[in-house]
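Residue numbering restarts at 1 for every chain, and letters A, B, ... go by the order of the sequence lines. Small disclaimer: the values here were computed from a predicted structure and weren't measured.
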Amino acid sequence: MNDKKLDYEISRLNNNQRKAVIHENGPLFVVAGAGTGKTKTLTTRIAYLIEKMNVDPNRILGVTFTNKAAKEIRHRVNDLIYPNQMGAWLYTFHAFGLRVLRENAVNLNLGYKNDFTVIDEDDALAIIRDIIKKQNIDAKKYPPRMIKNFISNEKTFIRNIDDEVVRDVYDRYKLELIKEQLMDFDDLIVYTNKLFKENLLVRTKYQTLFTHILIDEFQDTDKVQYEIIKLLNNENTFVVGDPDQSIYAFRGARYENNQLFVKEFGAEVIVLDENYRSTNNILKAANKLIKNNNSRTTDKNLVSSFGDGVPIVVHLASDDFDEVRTVTNEIINLTSHKYNYEDIAVLYRNNHLSRLFEHSFMQTQIPYIIYGGISFYERKEVKDILAYLKVVVDTNSNFYLKRIINTPTRGIGNVTINKLEEYANFNNMSMFDAIDYVKFSAKTANSLKEFKNIINELKEKIEETKELVNIIDVLFVGSGYYEFLKEETDDKAKERKENIMELKNVFRQGDWNYEGNNIEKIKQILDELALYTDHDKDNQDLNVVKLATVHQVKGLEFKVVFVVALEDGLFPSDRSYMDPFELEEERRIFYVAITRAKERLYVTNTQRRMVYGQIKNNIPSVFLREIKNDEEKILPKKYSRETINKNTSSDDFKSGDIVVHDSFGKGVVVEVKDDIITIAFNVEYGIKKLLKNHPSIKKEI
DNA sequence: GCTTATAACGTTTTT
DNA sequence: CGTTATAAGC
């Protein structure tokens, strides 16, 4: 049907892209430099396989690293051949693992059933904390976070645990998860690997199911993921990646996978180095920089047909305030001529460097967002409501029961919970059922009975509810959360209510996206939510300046990029000096930063900077020398926009007011402090601090 | 159980 | 310096 569109798309590819797309048989590694049409090549190939080679979509596996990327790939393939790709397996590694384990977890023979629950990092940490407490382990000597890291490292083959105490916690953690039918994020990958490795039947099933496997961002795969790919033993394994953009070593990404794949699979290599993003001045700097890495597998020299463009700008500021002021000035200059706020990104090596910029942008009324922060699904109230739902769906879940049995407070303390847990463990029943057997004081017994009634009533109501969206209201009121928050009038309570209401959107969509009865639909929604993170939301189109770490903007592009704080010890980070490999990783991070820029690149550093309350003299980053071409300096200027329309809006805000923002839409005022107001917008934008007299906000009448 | 003083600490973090 | 985790106090 859409053949013409696909034909047109293929005709527009360059030679190497086309070669990759129509590649017939055998493993292929597409080494795709930044901005060389990596995703386009991958999606066009999927469309080509289905449409031209008559490959059954159900037998194609496409794996990426973020939900956002998976969605994007589905969307783009969809655009080329709708609706034939519907059955294709287009997932993140974790979502793929989840799907496999949902069908086969029982075959692990570890005691897992196929309907286990996925827990997030916070939950995993809570379980470890609990074990540490119960085993009387000194949390100072063994911080839970460290133990979690050790466990994760052993699971993903990074490093084995060599401490007996940590080993003991790990063993108990593993048993606890199985007992509670829980899996953490690592487990989704690790158990999938185990399953494929140890179970011939399951392995063969997936080996024969997939005729084609495609992997995106291959340079970020870790050891376990590589093993999974190897175990699937597919002769049409097609991987796309850029070794020069491998920046997740600290999470286990293995640079050597790139070479291993070529060697062990005997893969053909196609290099894409025609860049469709940046001017050549920017690319020259990038090429020059990355040549300093000795461990490169494939030499690429990015070239575009966009001409040289303007020279990159390297600026040395006297101190951190001067740096911020210079960048702010330049943004004001740029936006009063050719550029919009959305065209601009300020990138840094680590999060805390955002602070001064945030402050300055607020003062000068430059709209911005900061990437990262607390995720919507990590918020306490959201997790609480979902925990109620999980207990309702499965009363055997002691883990979630413990979370909510006294939330909101109903006089059930730790002593009661421990007694229940002990009895339940001893008699091999759930804590929920144990409520009927353990003797408590009249008051406690009453509270427990009340809790049990709440769960039972919620269950009845949820089963009867016609539309899923109403379930959130049922939970909110039925759990007592509503009553609890009603008493509180402060801004936090208001924010919590809003967040809970925001959950409705997710359930509204679940109603038509999923099939089955309510409980079945809920289980599918919970699966999706378990793997969803804040990074999946699309901030790209907001007309605001983006403040982000380099890691957070991988894969994105901006017309103008400022890379700041290019100083020795910050970028490269001082932890990377010892190890030449780590210094190369830092260089790749800077390479990623540079290659985000399409038209203008600014690199700044300062002589003096306040670090942890002390002024430090910094020397310029070694990377600056390495990119040196033509450079110019920004001449510091006064703010060209006379501290912008002072008091243009005379609105007087108070908490609870509904306001409308040009970019963020409707929001509720949460706090007013001097001339700064805090506004809660829709979840996708979150909580923002803005100047009261900013022209972009208006009170809704 | 919840709020306030003090200490401790301080890369990147796709799921 | 600013934030967050922990402990002591109400």
Axial cation check for A/F590 ring with A/R349, 6.0 Å and 45° limits: no
Just checking A/F93: base, sugar-phosphate only, or nothing, at a heavy-atom cut-off of under 4.0 Å? nothing
In terms of heavy-atom contacts, does CD of A/E528 have more than 12 from other residues, nucleotides or ligands at under 6.0 Å? no
Atom CZ of A/R145 and atom P of B/dC9: how far apart are they, to the nearest Å? 14 Å
If you check the A/E582 side chain, which of B/dT12, B/dT11, B/dT14 turns out closest? B/dT11
Can you measure A/E72 atom CD to B/dT14 atom P for me and round it to whole angstrom units? 19 Å
Using a cut-off of 4.0 Å on non-hydrogen atoms, how would the nucleic acid contact of A/T409 be classed: base, sugar-phosphate, or nothing? sugar-phosphate
Give the rounded distance in Å between these two atoms: NZ of A/K133 and P of C/dT6. 11 Å
Please say which of A/I189, A/I229, A/T192 ends up in a side chain to side chain contact (heavy atoms under 4.5 Å, CB included) with A/V224. A/I189
Side chain of A/H94 only, please: which of B/dT11, B/dT15, B/dT12 is the nearest? B/dT15
Picking from B/dT14, B/dT15, B/dT12, which would you name as closest to the side chain of A/N350? B/dT12
Which part of the nucleic acid, if any, lies within reach of A/G555 when heavy atoms closer than 4.0 Å are counted: base, sugar-phosphate only, or nothing? nothing
Please determine if a side-chain N or O atom of A/Y612 lies less than 4.0 Å away from the OP1 or OP2 oxygen of B/dT11. yes
Is B/dT12 in the syn or the anti form, by the rule that syn lies within 90° of 0? anti
Starting at the 5' end of DNA chain B and moving along, which residue's nearest nucleotide shows up first, A/K554 or A/N414? A/N414
Value in whole Å for how far the C1' atom of B/dT11 lies from CG of A/D579: 15 Å
CD of A/Q614 versus P of B/dG10: gap in Å, rounded? 16 Å
Salt-bridged, A/D527 to A/K523, with N to O below 4.0 Å? no
Just the rounded figure in Å: distance from P of C/dT6 to CZ of A/R129. 6 Å
For A/H352, does the NE2 atom have more than 12 heavy-atom neighbours from other residues, nucleotides or ligands under 6.0 Å away? yes
Between A/Q552 and B/dT14, does any side-chain N or O lie under 4.0 Å from OP1 or OP2? no
Comparing nearest nucleotides in DNA chain B, the 5'-proximal residue of the pair A/I589, A/G413 is A/G413
Please work out if A/E586 contacts a base, only the sugar-phosphate, or nothing of the nucleic acid, heavy-atom cut-off 4.0 Å. base
Within the structure shown, what part of the strands sits under 4.0 Å from A/N351 by heavy-atom distance: base, sugar-phosphate, or nothing? sugar-phosphate
Just to confirm, is there a sub-4.0 Å distance from OP1 or OP2 of B/dT12 to any side-chain nitrogen or oxygen of A/S573? no
Could you state the atom-to-atom distance from CD1 of A/I247 to C1' of B/dT11 in whole Å? 12 Å
Going by modelled atom types, is there a donor-acceptor pair between the base of B/dT11 and the side chain of A/R349 at under 3.5 Å? no
Does NZ or CZ of A/K148 fall inside the cone over A/F150's six-membered ring, less than 6.0 Å from its centre and within 45° of the axis? no
